[in-house]
Novice: 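Below: one structure in structure tokens.
Just so you know, ligand 1 is whichever comes first in the structure, and atom 1 is the first atom listed for that ligand.
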Amino acid sequence: MTKIRVIQGNITQLDVDAIVNAANSSLLGGGGVDGAIHRAGGSKILEECIKIGHCPTGEAVVTSGGRLKAKYVIHAVGPVWQGGSNNESELLASAYVNSLKRAVEKNIKTIAFPNISTGIYGFPKDGAAGIAVRTVNDFLKNESSIDEIIFCCFEEDNHRCYTRLFAGSW
Ligand code: AR6
């Protein structure tokens, strides 16, 4: 059975098979967790991203982890929040599902997610946390190859959203 954990911390420091990046479609890096991952992992990650070239919103692609402890980075592109009527929820769920699919394809056993879209992209944190937890749980109903999934929250308010959700459901 897959273990699910919620932590508060810096995802770039985690000793897991893969960390997920909240990337943008250009895959060329940016601010937030994306900037932190590229800084910590070094130029190899960007070189591989440039070769891949593009990732549509809701999709995910894989590179190596460069200098990170994590062997892989899964670059997922979440939606920009535009008020909620532009398919944002479905696209966010899709970013989680496609990240998990990439993980299964690479035989990844331990994976950590940041709170995709809840920073620069402005997705409301409570709603995003609910979608993340629901989507991961639904995916695990038909997939048992992943040992551990970590929701790595950077900020206190996101961490609170997740702990509240887990306290409520389990
Ligand atoms: N570890 C874990 N989480 C982090 C870290 C970290 N080191 N740093 C920030 N976060 P954001 P988005 C959290 O803005 O909203 C970039 O420029 C942060 O507190 O990184 O999906 C990309 O290139 C927030 O909760 O990503 C895109 O252009 C969460 O990570 C755009 O931002 C996501 O915030 C993507 O925006």
Novice: Which protein heavy atom lies closest to atom 31 (C) of ligand 1, and at what distance to 0.1 Å?
Specialist: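 Protein heavy atom at minimum distance: Y121 CE1, 3.4 Å.
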Novice: Do Y72 and I111 come within less than 4.5 Å of each other through their side chains, counting heavy atoms only?
Specialist: no
Novice: Considering heavy atoms of the protein only, find what lies nearest to atom 14 (O) of ligand 1 and give residue, atom and distance to 0.1 Å.
Specialist: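 Closest protein heavy atom to atom 14 (O) of ligand 1: I120 N, 2.8 Å.
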Novice: Please give me the minimum heavy-atom distance between Q13 and K69, naming the atom from each residue.
Specialist: O-NZ, 3.3 Å
Novice: Look at ligand 1 and say whether G29 reaches it with a heavy atom at a distance under 4.0 Å.
Specialist: yes
Novice: Among all protein heavy atoms, pick the one closest to atom 7 (N) of ligand 1 and tell me residue, atom and distance.
Specialist: N10 OD1, 2.9 Å
Novice: Can you tell which part of N158 has a heavy atom less than 4.0 Å from ligand 1: side chain, backbone, both or neither?
Specialist: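 The part of N158 near ligand 1 is the side chain, not the backbone.
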Novice: Taking side chain as C-beta onward, heavy atoms only, is N98 less than 4.5 Å from K101?
Specialist: yes
Novice: Could you say whether the N/O atoms of V33 and ligand 1 ever approach to under 3.5 Å?
Specialist: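 Yes: some nitrogen or oxygen of V33 is under 3.5 Å from one in ligand 1.
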Novice: Taking all non-hydrogen atoms of both residues into account, name the closest pair between I74 and A18 and its distance.
Specialist: CD1-CB, 4.1 Å
Novice: Considering only non-hydrogen protein atoms, determine which one is nearest to atom 29 (C) of ligand 1 and report residue, atom name and distance to 0.1 Å.
Specialist: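 Answer, as residue, atom name and distance: N115 O, 3.3 Å.
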Novice: Does G78 come within less than 4.0 Å of ligand 1, judged by its heavy atoms?
Specialist: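 Contact absent.
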Novice: Does C153, backbone or side chain, put an N or O under 3.5 Å from an N or O of ligand 1?
Specialist: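 So ligand 1 has no N or O lying under 3.5 Å from an N or O of C153.
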Novice: Taking the side chain as C-beta and beyond, is there a heavy-atom pair between V61 and L27 under 4.5 Å?
Specialist: yes
Novice: Please state which protein non-hydrogen atom is closest to atom 17 (O) of ligand 1 and give its distance, to 0.1 Å?
Specialist: G31 N, 2.8 Å
Novice: Has ligand 1 got any nitrogen or oxygen that is less than 3.5 angstrom from a nitrogen or oxygen of I11?
Specialist: yes
Novice: Using distance only, find each side-chain donor-acceptor pair of residues 144-155 under 3.5 Å and give its atom names and separation, not counting sequence neighbours.
Specialist:
from	atom 1	to	atom 2	distance (Å)
S145	OG	E143	OE2	2.7
E148	OE2	R5	NE	2.8
E155	OE1	K125	NZ	2.7

Novice: Take D157 and R160 through the salt bridge (Lys or Arg N to Asp or Glu O under 4.0 Å) test and state the conclusion after the steps.
Specialist: CA-CA 5 Å; D157 48 356; R160 214 176 301 119; over 6 Å; no
Novice: Can you pull out every salt bridge (charged side-chain N to carboxylate O under 4.0 Å, His left out) where at least one residue sits in residues 73-89? Sequence neighbours excluded, please.
Specialist: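 As it turns out, there is no salt bridge (charged side-chain N to carboxylate O under 4.0 Å, His left out) pair with a partner in residues 73-89 once direct neighbours are skipped.
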Novice: Is there at least one pair of N or O atoms, one from P114 and one from ligand 1, spaced under 3.5 Å apart?
Specialist: no
